[in-house]
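To start, the structure itself, in structure tokens.
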Number of protein chains: 2
Amino acid sequence: MSATIKSVAEYAGVSIKTVSRVINNEGTVKPDTLAKVQQAIDALDYRPNKAARDLAGRDNYVLGYVYDNPNAYYILAMQNGILKECRANGYELLIHPCDATNANIIDELVNMVNSARLAGLILSPPLSEMPDVLQAMDEKGIQYVRVLSGDKAPDDKPCVLVDDYQAARQITEHLINQGHQRIAFIAGEKQHHSTTERERGFYQALADRGIHPDPDLVVEGTYSFGTGVQSIQQLLALPEPPTALFACNDEIAAGALFGARMQGVDVPEALAIAGFENSPFSTQTFPPLTTASQPTAQIAQRATSSLIRSLQARKRKAENQTVPADIFVPELIVRESTSR
Amino acid sequence: MSATIKSVAEYAGVSIKTVSRVINNEGTVKPDTLAKVQQAIDALDYRPNKAARDLAGRDNYVLGYVYDNPNAYYILAMQNGILKECRANGYELLIHPCDATNANIIDELVNMVNSARLAGLILSPPLSEMPDVLQAMDEKGIQYVRVLSGDKAPDDKPCVLVDDYQAARQITEHLINQGHQRIAFIAGEKQHHSTTERERGFYQALADRGIHPDPDLVVEGTYSFGTGVQSIQQLLALPEPPTALFACNDEIAAGALFGARMQGVDVPEALAIAGFENSPFSTQTFPPLTTASQPTAQIAQRATSSLIRSLQARKRKAENQTVPADIFVPELIVRESTSR
DNA sequence: CATCATAATGACAACGCTGTCATTTTACTC
DNA sequence: GAGTAAAATGACAGCGTTGTCATTATGATG
């Protein structure tokens, strides 16, 4: 049988409430009492019973990560980052894959939060970008933190930003610096902010260098290999085909690379290709892909820490001082697919 | 405030214990009482408070999934399968990525199980194949289910088997049927049972068809793209190079494909390549890879259901009747990388 | 050194459920 | 229809914490 707060209290010669104060860092414990209790905790290898804590306390020490994103690497990196922060703060993580296109998604989330008594939610795209979802959370008083694409926070609720705009600009600039003028762009789902942000960065970089964008060179699709294959065929069939391509993610880029080579077009000699995301795909093509890398686990950790801070502030009824949102700019990674 | 067992009891005009019986399916409730209670539960949208259940009951309704596997798709598929079964049975899932090579891995797991009061553990390779880990779990009385590579259970403790041997045989046979005699094999980490099982299947298929294996055609490496690239160079440099390759997984196969094309070797014309796993890589190469597909989510679900059954049996002190382990044989998927 | 404010600690009732055991109802027998 | 076994239900005490409020120790002040 594992130790309880009672056995620790007896061992240390204090009341259970004092032990409770120690394990909750309430601060109002004399240093030597604290030392005694700490020693008792160590000696008995005591760990608070989460069920009892959750039952007695107001909140549950459980966060939820809700996601709908086909990218396994992204999800796992998010999970890892969140878990790291959760463990450091005595929280647990409940994961909840879901289908964002499901009409009942809001009910599903609210039900989940209630039934698992979650303290808060971590939302990543596309859920973090769905106004109706966010509104429902606000109405139900469910705490959350969002990971968002953007260069400034849309409101004062906690979020962590990934500046796709800036990174896309850098990628496009890189292509321009390689001497390219006719640069194509393949977009993913327009509902994803990341797509529009990357597209915005693409256009801005062109504008910065006085290049007039050619509408024929911009194609829309989904974040998939197939989109890359099809789009590049279409692009290469143009009377004046592009000499460079910026694909909205690595999977599209890999598809485009595949499609180009199928048609006998050499990469990077006849066509430079850049992706986005630094997914494992990007190193497992020939040639490997130039891309942009976002520190997903770190982003997740920061988001989680921001959520936890906000929960704790709310608990002590402290004024929830608005901390400026963290911004991460994905870093350009140059590989052979864009070399001269 | 959400409904409690008490409010349901009042609404239904029964005692809280009767409500408890209903939500726990104890069976000893009269049909019309049960109906009344059910109706009350629906009307009040009642959900049992997990913390209270865990605290009052003996067990925690939480399972743990511990994994150390670089394959994100595999992990996510496992998670999804486990979650599905957990939700169907009122369990929650705690995920715990870890490093199996860590010397303290056993302490880490035991600590985790104790501190989160887990009811049981789901283990996938490589952890499910580490005798010292399993022994520690047995000693500490921690319940677990393993997902294992093999065609028969190594003992009578719960496990789900993935018959890599059989699938590898089928892949090799497929290559032989395509007319190949000089078939190379690139192995992954030898510590993984899946590797040795696949290798065993490879040799068996050769033997079945009277083909004498050539040691030069068998190369060892890791489950990585790089291994594929390097190994194929080595193999193609042989005085009598192979005409077909069976790579231990898709990532190696993709690397080999990459390497072969770099050297100007056509696939499948000059070299047929088969992988294993049916990972997304396998459709995103040119040409797409022949491979074997295991229904990972289904396997995970079955494993979880087996664990839950065994937990419930233990709870009712029922004789834990040994159910024969489920065996899944990955299915051959033929694509262009091995076509004539 | 008495007085008071404040810091530190403790006693005890919840929290919502399950387990145990007692009690009531039902069904069956003669 | 009385007697009995079995089925159905209920009363109540915990489970291990936290929150509330009461109590005691400490230090500052005049």
Side-chain angles (χ1 to χ4, degrees), chain A residues 1-37 40-41 44-62 90 92 114-117 119 311-312 315-317, chain B residues 1-37 40-41 44-62 90 92 114-117 119 311-312 315-317:
Chain A
M1 211 56 242
S2 46
T4 70
I5 200 172
K6 205 172 149 193
S7 55
V8 173
E10 276 165 15
Y11 188 101
V14 297
S15 75
I16 58 171
K17 185 64 219 190
T18 299
V19 178
S20 172
R21 288 191 177 99
V22 171
I23 59 186
N24 288 293
N25 269 314
E26 290 184 22
T28 58
V29 178
K30 266 205 299 190
D32 53 338
T33 313
L34 193 139
K36 264 194 310 190
V37 173
I41 289 176
L44 300 175
D45 191 28
Y46 165 73
R47 296 154 210 288
N49 179 318
K50 216 186 70 60
R53 273 185 123 169
D54 288 348
L55 183 57
R58 226 183 18 236
D59 313 301
N60 262 14
Y61 289 74
V62 185
E92 273 182 16
N114 288 338
S115 91
R117 262 94 177 168
L311 290 172
Q312 290 178 341
K315 188 166 182 176
R316 323 192 195 80
K317 287 149 195 152
Chain B
M1 211 56 245
S2 45
T4 70
I5 200 172
K6 205 172 150 191
S7 56
V8 173
E10 275 165 16
Y11 188 102
V14 298
S15 74
I16 58 171
K17 184 65 220 190
T18 299
V19 178
S20 170
R21 288 190 177 100
V22 170
I23 58 186
N24 288 291
N25 268 315
E26 289 184 23
T28 56
V29 179
K30 266 205 298 190
D32 53 339
T33 313
L34 193 139
K36 265 193 309 189
V37 174
I41 288 176
L44 300 176
D45 190 29
Y46 165 72
R47 296 153 211 289
N49 179 318
K50 217 187 70 60
R53 273 184 121 171
D54 287 349
L55 184 57
R58 228 184 17 237
D59 314 300
N60 261 17
Y61 288 74
V62 184
E92 273 182 17
N114 289 338
S115 90
R117 260 95 175 167
L311 290 173
Q312 289 178 340
K315 187 167 182 175
R316 321 189 198 86
K317 288 151 195 152

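First the proteins, then the strands, lettered A, B, ... as listed; each starts at 1.
- Residues B:Val29 and B:Val37 form no side-chain contact, since every pair of their non-hydrogen atoms from C-beta on lies 4.5 Å or further apart.
- Residues passing the salt bridge (Lys or Arg N to Asp or Glu O under 4.0 Å) test with A:Arg47 are A:Asp45, sequence neighbours excluded.
- The base of C:dG19 is not paired with the side chain of B:Arg21 by any donor and acceptor separated by under 3.5 Å.
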Worked check of side chain to side chain contact (heavy atoms under 4.5 Å, CB included) between A:Thr33 and A:Val14: CA-CA 8 Å; A:Thr33 313; A:Val14 297; 4.0 Å; yes
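- Annotation: proximity of residues 8-16 of chain A to DNA chain C (heavy atom, distance under 4.0 Å) is found for A:Val14, A:Ser15, numbered in ascending order.
- In this structure, B:Lys50 atom NZ and D:dC15 atom C1' are separated by 14 Å, rounded to whole Å.
- A:Leu44 contributes atom CG, which lies 12.0 Å from atom CD1 of A:Ile5 (distance to the nearest 0.5 angstrom).
- Look at CG on A:Asn24: it is 7 Å from P on D:dG19, rounded to the nearest Å.
- Distance CD1 (B:Ile5) to C1' (C:dG19): 12 Å, rounded to an integer number of Å.
- Going from atom CG of A:Asp32 over to atom C1' of C:dA8 covers 11 Å, rounded to whole Å.
- The phosphate of C:dA8 (OP1 or OP2) has no side-chain N or O of A:Thr33 nearer than 4.0 angstrom.
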B:Lys36 and B:Val22: CA distance, side-chain angles, deciding distance, side chain to side chain contact (heavy atoms under 4.5 Å, CB included) verdict: CA-CA 10 Å; B:Lys36 265 193 309 189; B:Val22 170; over 6 Å; no
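- Within the structure, side chain to side chain donor-acceptor pair (under 3.5 Å) contacts touching residues 3-15 of chain A (residues at least two apart or in different chains) are A:Ser15-A:Thr18.
- Residues satisfying the salt bridge (Lys or Arg N to Asp or Glu O under 4.0 Å) criterion with B:Lys50, sequence neighbours excluded, are B:Asp54.
- With DNA chain C read from its 5' end, the first of the two nearest nucleotides for B:Lys30 and A:Thr18 is the one closest to A:Thr18.
- Base engagement by A:Lys17 is indicated by at least one non-hydrogen atom pair under 4.0 Å involving a base atom.
- One atom, CZ of B:Arg53, and another, P of C:dG16, lie 15 Å apart when rounded to the nearest Å.
- Remark: A:Ser20 is in phosphate contact with D:dT18, judged by side-chain N or O atoms under 4.0 Å from OP1 or OP2.
- Contact record, A:Ala119 with A:Leu311: O-CD2, 3.2 Å, taken as the closest heavy-atom pair.
- If you measure from atom CG of B:Leu34 to atom C1' of D:dA7, you get 15 Å, rounded to the nearest angstrom.
- One atom, CG of A:Asp54, and another, P of C:dG16, lie 13 Å apart when rounded to the nearest Å.
- A sub-4.0 Å separation between OP1 or OP2 of D:dC15 and a side-chain N or O of A:Asn49 is absent.
- Secondary-structure annotation of DNA chain C gives the stems C:1-30 with D:1-30, with a stem taken as at least 3 successive Watson-Crick or G-U pairs whose two distances both fall under 3.5 Å.
- The phosphate of D:dT9 has neither OP1 nor OP2 within less than 4.0 Å of any side-chain N or O from B:Thr28.
- As a whole-Å value, the separation of B:Arg47 CZ from C:dC17 P is 13 Å.
- At the phosphate of D:dT17, neither OP1 nor OP2 sits under 4.0 Å from any side-chain N or O atom of A:Tyr61.
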